[in-house]
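Heads up, the thing below is written out as structure tokens.
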Amino acid sequence: MRVVIYDDDRSADQAFLRRSWQVGCALQKSLGLVDDTFAASTWESAFAWLASRKAPLTSIQYWGHGQPGQVLMARVPMHVSDWSVVKPLLTRETIVWFRTCSTFQGKAGHDFSGEL
């Protein structure tokens, strides 16, 4: 199963990006590039949704914000330990794609990538 999660931050300054991500998800789904999408407002809801998927996850994209060493949702950083609930659904071939800015930049980003 190929999925996309995007940051559903309802802040006024995020309206354009949120709408762009909604349209992008609809387009990818209509073209058969992804199987399912989810607008998440918290990391808890995102990981609960991922954990509810029954098929092995072959691709997970996250569309949101980042900074060196962090992936952000509603300005809250993701914790690497959050992945424990979805690890049973991942395979050696699973692609995890953070479509964010700067997440793997510099020493903080490299350290973060080693923790995943």
Side-chain angles (χ1 to χ4, degrees):
M1 174 171 272
R2 302 160 300 167
V3 299
V4 175
I5 297 171
Y6 67 90
D7 187 344
D8 194 35
D9 185 341
R10 298 290 173 148
S11 303
D13 63 335
Q14 298 300 304
F16 177 77
L17 279 173
R18 187 179 66 253
R19 185 67 180 141
S20 298
W21 294 329
Q22 289 170 337
V23 170
C25 283
L27 181 61
Q28 283 205 16
K29 196 168 180 181
S30 71
L31 293 172
L33 300 174
V34 299
D35 301 307
D36 210 353
T37 65
F38 183 68
S41 56
T42 66
W43 286 114
E44 293 80 12
S45 67
F47 283 105
W49 181 81
L50 283 171
S52 73
R53 305 297 90 187
K54 301 302 179 203
L57 298 171
T58 56
S59 172
I60 303 169
Q61 294 183 49
Y62 173 67
W63 298 359
H65 297 289
Q67 57 192 30
Q70 294 185 327
V71 180
L72 305 171
M73 181 181 305
R75 298 179 175 94
V76 175
M78 178 195 76
H79 299 285
V80 173
S81 61
D82 294 338
W83 283 95
S84 63
V85 298
V86 296
K87 282 189 178 181
L89 298 172
L90 306 180
T91 70
R92 294 183 64 76
E93 290 79 34
T94 300
I95 296 169
V96 178
W97 185 3
F98 295 116
R99 296 183 73 167
T100 62
C101 292
S102 307
T103 296
F104 298 110
Q105 180 181 6
K107 180 171 177 12
H110 296 175
D111 290 347
F112 174 76
S113 71
E115 293 174 17
L116 289 175

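What you see is a predicted model; the values in this text were computed from it and never measured.
Hydrophobic side-chain contacts under 4.5 Å tie W21 into a cluster, directly or through other members, with V4, Y6, L17, V34, W63. With a 4.5 Å cut-off between side-chain heavy atoms of Ile, Leu, Val, Met, Phe, Trp and Tyr, the cluster of L31 takes in L27, L33.
Between the CH2 atom of W83 and the CD atom of E115 there is a distance of 14.0 Å, given to the nearest 0.5 Å. Between the CG atom of D35 and the CD atom of Q28 there is a distance of 11.0 Å, given to the nearest 0.5 Å. How far CZ of R53 is from CD1 of I60: 11.0 Å, rounded to the nearest 0.5 Å.
Scanning both residues, D7 and M73, for their nearest heavy atoms gives OD2-CA, 3.4 Å. Of all non-hydrogen atoms in A74 and S41, the two that sit nearest each other are CB-O, 3.8 Å. Across V80 and F112, no two heavy atoms sit closer than the pair CG2-CE1, 3.8 Å. When all heavy atoms of T37 and W49 are compared, the closest pair comes out as O-CZ2, 3.7 Å. Between L72 and Y62 the shortest heavy-atom distance is O-OH, 2.7 Å.
Listed by first and then second residue, the salt bridge (Lys or Arg N to Asp or Glu O under 4.0 Å) pairs that reach into residues 83-110 are K107-D111, sequence neighbours excluded. Residue pairs that meet the salt bridge (Lys or Arg N to Asp or Glu O under 4.0 Å) test with at least one member in residues 54-67, sequence neighbours left out, do not exist here. Listed by first and then second residue, the salt bridge (Lys or Arg N to Asp or Glu O under 4.0 Å) pairs that reach into residues 75-85 are D9-R75, D13-R75, sequence neighbours excluded.
Side chain of T94 to main chain of L57: a donor-acceptor pair is present (N/O by atom type, distance under 3.5 Å, no hydrogens or angles). In this structure, S102 contributes its side chain and Q105 its backbone to no donor-acceptor pair below 3.5 Å.
Contact annotation: the side chain of Q70 never approaches that of H65 to less than 4.5 Å [non-hydrogen atoms, C-beta and beyond]. Side-chain contact between V71 and W43 is present, with heavy atoms from C-beta onward closer than 4.5 Å.
S59 pairs by the side-chain contact (heavy atoms from CB on, under 4.5 Å) definition with R2, Q61, not counting sequence neighbours.
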How far apart are the C-alpha atoms of V3 and L50, what are their side-chain angles, what is the distance that settles it, and do they pass the side chain to side chain contact (heavy atoms under 4.5 Å, CB included) test? CA-CA 9 Å; V3 299; L50 283 171; 3.8 Å; yes
Between L116 and V96, does the side chain to side chain contact (heavy atoms under 4.5 Å, CB included) criterion hold? Intermediate values first, please. CA-CA 10 Å; L116 289 175; V96 178; over 6 Å; no
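A donor atom on one side chain and an acceptor atom on the other are not found under 3.5 Å apart for S81 and S84.
Residues F38 and V85 are members of one and the same hydrophobic cluster, defined by side-chain heavy-atom contacts under 4.5 angstrom among Ile, Leu, Val, Met, Phe, Trp and Tyr.
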